[in-house]
There are 2 protein chains.
Amino acid sequence: MTVPDAGPGSAAVRILVCDDHVVVRAGLLALLDSAPGIKVVGEAGTGEEALALAAKLRPDVVLMDLQLGEGIDGVETTRRLTAAPGTAPHVLVLTTYDTDADITRAIGAGATGYLLKAERPEELFAAIHAAARGRTVLSPPVAGRVMANMRSPRPSLTDRERDILTHLSRGLGNREIARALFISEATVKTHLRRVYDKLDVDTRAGAVAVAKEQRLLP
Amino acid sequence: MTVPDAGPGSAAVRILVCDDHVVVRAGLLALLDSAPGIKVVGEAGTGEEALALAAKLRPDVVLMDLQLGEGIDGVETTRRLTAAPGTAPHVLVLTTYDTDADITRAIGAGATGYLLKAERPEELFAAIHAAARGRTVLSPPVAGRVMANMRSPRPSLTDRERDILTHLSRGLGNREIARALFISEATVKTHLRRVYDKLDVDTRAGAVAVAKEQRLLP
DNA sequence: GGGCGGGTCATCCGATCGGTTGACCCGCCC
DNA sequence: GGGCGGGTCAACCGATCGGATGACCCGCCC
């Protein structure tokens with residue numbers, strides 16, 4: 001069959017760029033235009049836009065930033081993109097942060113690869129081609145973290161523990177947290193104890209610090 | 001006099017790009033190359049690099065990201081650039097964050113303008129030309145924050161209070177903070193009280209949350 | 001020389017937190 | 001049907017924190 005916008009030989013990889021920073025987006029566009037075998041077919045500034053454009057344009061790969069400002073975030077967008085029936089695009093995460101929480105959530109949401117914006121352009125190009133074929137690509141620091149996690153799995157917080165932590169980071173006391181979640185103060189303390197253990201801290205201030213540092217909270 | 005690398009008419013604005021994200025940097029390069037009257041003469045991935053290149057290349061404007069990973073940060077780089085004797089370049093901050101602390105510190109360090117990466121490319125081009133003439137340019141959200149600060153000045157933390165807050169965010173208790181800073185526990189409590197008041201919180205957890213949120217700590 | 005911001009310290013008290021131990025319930029999976 | 005992870009709750013106690021008040025010292029600036 002003939003592909004209208006493809007040159008001779010193998011067709012170029014069709015890309016959808018999703019990033020809330022217009023400058024970065026426009027810059028990436030210009031950068032990718034110079035790359036061989038890569039064609040940017042669309043750009044989105046929000047998750048909703050990305051979903052709509054992906055459905056219409058059917059890109060091979062979506063370049064996705066995890067932080068998208070307003071609306072649904074990159075993880076949720078990734079989940080919906082990869083869960084789409086039929087020809088779901090491969091999602092290649094391209095972001096600034098390499099915290100365990102971000103990596104884990106992105107991979108859990110179905111991302112094919114995880115690159116850092118500090119990556120060299122050639123690596124980005126190679127990763128895009130790899131992602132188009134469904135191959136997994138991780139930036140070295142990301143791969144390192146994944147390995148470290150395999151070796152010594154970090155206990156992840158339960159939903160309830162995250163609830164507690166969220167309220168804690170608002171500065172609420174145990175009684176207030178209890179009231180907010182319709183549970184007893186004793187239960188709050190139990191959860192907190194487990195949160196302390198998992199985060200390897202022993203004060204509420206420390207817990208909030210780690211939570212913010214590791215980007216465990218929305 | 002003739003300018004070697006300038007076209008006919010007025011010379012192009014000579015730009016030095018400083019950003020630790022290679023992809024963003026390369027993207028910006030491609031983007032700015034397409035802009036009329038703007039010429040990128042160099043790129044740096046660290047503050048140290050930026051200082052060295054600025055001394056050698058004498059750019060009109062330095063596009064500066066505040067977050068630079070390793071080494072000195074964007075604020076310190078800006079300070080040294082603008083403090084340089086003779087023909088110091090104008091520094092145009094181009095970053096992701098628009099917290100009061102970042103804005104205040106950047107302007108205090110001598111930045112000519114403060115743009116967000118979410119800004120439209122045309123605005124960026126216009127801002128660069130404006131910065132070259134020494135004019136101040138602020139992204140709307142940034143300008144808004146500056147105005148809000150003028151109307152109701154946020155009390156800024158003293159150095160000592162920042163010390164206390166730093167240790168607090170490590171999860172230390174008052175006694176430990178006191179020992180670490182060689183002061184009495186009573187003094188720690190006094191400082192903490194003032195920190196609470198300034199940050200508008202009433203618990204240590206809340207203080208840590210605000211500190212992290214507002215990027216008050218290094 | 002007086003005011004003021006910043007830093008230091010003390011005392012007192014009630015409220016809260018952190019630590020511990022033990023318990024019950026539910027859904028799920030082997 | 002027994003184990004297990006997750007969630008819930010209780011009671012107790014010492015340690016710590018938060019709140020209020022008052023005080024001293026120093027450097028700086030008008």
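Fair warning: this is a prediction, and the values are worked out from it, not measured in the lab. Proteins come first, then strands; the chains are lettered A, B, ... in the order of their sequence lines, and each starts at number 1.
- Residue B/Asn174 has no polar side-chain atom (N or O) positioned under 4.0 Å from OP1 or OP2 of D/dT16.
- For the side chain to side chain contact (heavy atoms under 4.5 Å, CB included) criterion with B/Leu192, the lone passing option out of B/Asn174, B/Thr187, B/Asp197 is B/Asn174.
- Atom P of nucleotide D/dG18 and atom CD of B/Glu185 are separated by 11 Å, given to the nearest angstrom.
- Taking every heavy atom of both residues into account, B/Cys18 and B/Thr46 meet most closely at SG-O, 3.7 Å.
- When base pairs are accepted only as Watson-Crick or G-U wobble with both N-N or N-O distances under 3.5 Å, DNA chain C takes part in stems of 3 or more pairs at C:1-30 with D:1-30.
- Across B/Tyr114 and B/Leu66, no two heavy atoms sit closer than the pair OH-CD1, 3.6 Å.
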Test salt bridge (charged side-chain N to carboxylate O under 4.0 Å, His left out) on A/Arg179 and A/Glu176 and set out the steps.
-> CA-CA 5 Å; A/Arg179 270 203 257 273; A/Glu176 297 166 297; over 6 Å; no
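- Look at OH on A/Tyr196: it is 13 Å from P on C/dT20, rounded to the nearest Å.
- The main-chain N or O of A/Val142 is never found under 3.5 Å from a side-chain atom of A/Asp98 such that the two would form a donor-acceptor pair.
- Closest approach of A/Val23 and B/Leu31 over heavy atoms only: O-CD2, 4.0 Å.
- In this structure, A/Leu192 places its CG atom 14 Å from P of D/dC9, rounding to the nearest Å.
- For B/Arg204, the listed nucleotide lying nearest its side chain is D/dC17; candidates were D/dC17, D/dG19, C/dT11.
- For A/Arg204 (side chain) and A/Leu172 (main-chain N/O), a donor-acceptor pair under 3.5 Å exists by modelled atom type.
- The nearest whole Å value for the distance from the NZ atom in A/Lys189 to the C1' atom in C/dA15 is 12 Å.
- As a whole-Å value, the separation of B/Leu168 CG from D/dT16 C1' is 13 Å.
- Computed from coordinates, the B/Ile164 CD1 to C/dC9 C1' distance equals 13 Å when rounded to whole Å.
- Contact check, A/Arg193 against C/dT20: no side-chain N or O comes under 4.0 Å of OP1 or OP2.
- Between A/Asp202 atom CG and D/dT16 atom P there is a gap of 11 Å when expressed in whole angstrom units.
- Pairing each heavy atom of B/Arg194 with each of B/Glu161, the nearest pair is CB-OE2, 3.6 Å.
- When all heavy atoms of B/Ala109 and B/Val75 are compared, the closest pair comes out as CB-O, 3.5 Å.
- Within a heavy-atom distance below 4.0 Å of DNA chain D, no residue of residues 211-218 of chain A is found.
- With A/Thr95 as reference, A/Asp65 is the one residue of A/Asp19, A/Asp65, A/Asp102 to meet the side chain to side chain donor-acceptor pair (under 3.5 Å) rule.
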Expected rows: protein N/O vs nucleotides 6-8 of chain C N/O, under 3.5 Å:
unit_1 : atom_1 : unit_2   : atom_2 : d
C/dG7  : OP1    : B/Arg160 : N      : 3.4
C/dG7  : OP2    : B/Thr158 : OG1    : 2.6
C/dT8  : OP1    : B/Arg160 : NE     : 3.1
C/dT8  : OP1    : B/Arg160 : NH2    : 2.9
C/dT8  : OP2    : B/Arg160 : NE     : 3.0
C/dT8  : OP2    : B/His191 : NE2    : 2.8

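- Heavy-atom minimum distance, A/Pro59 versus A/Ile15: CB-C, 4.2 Å.
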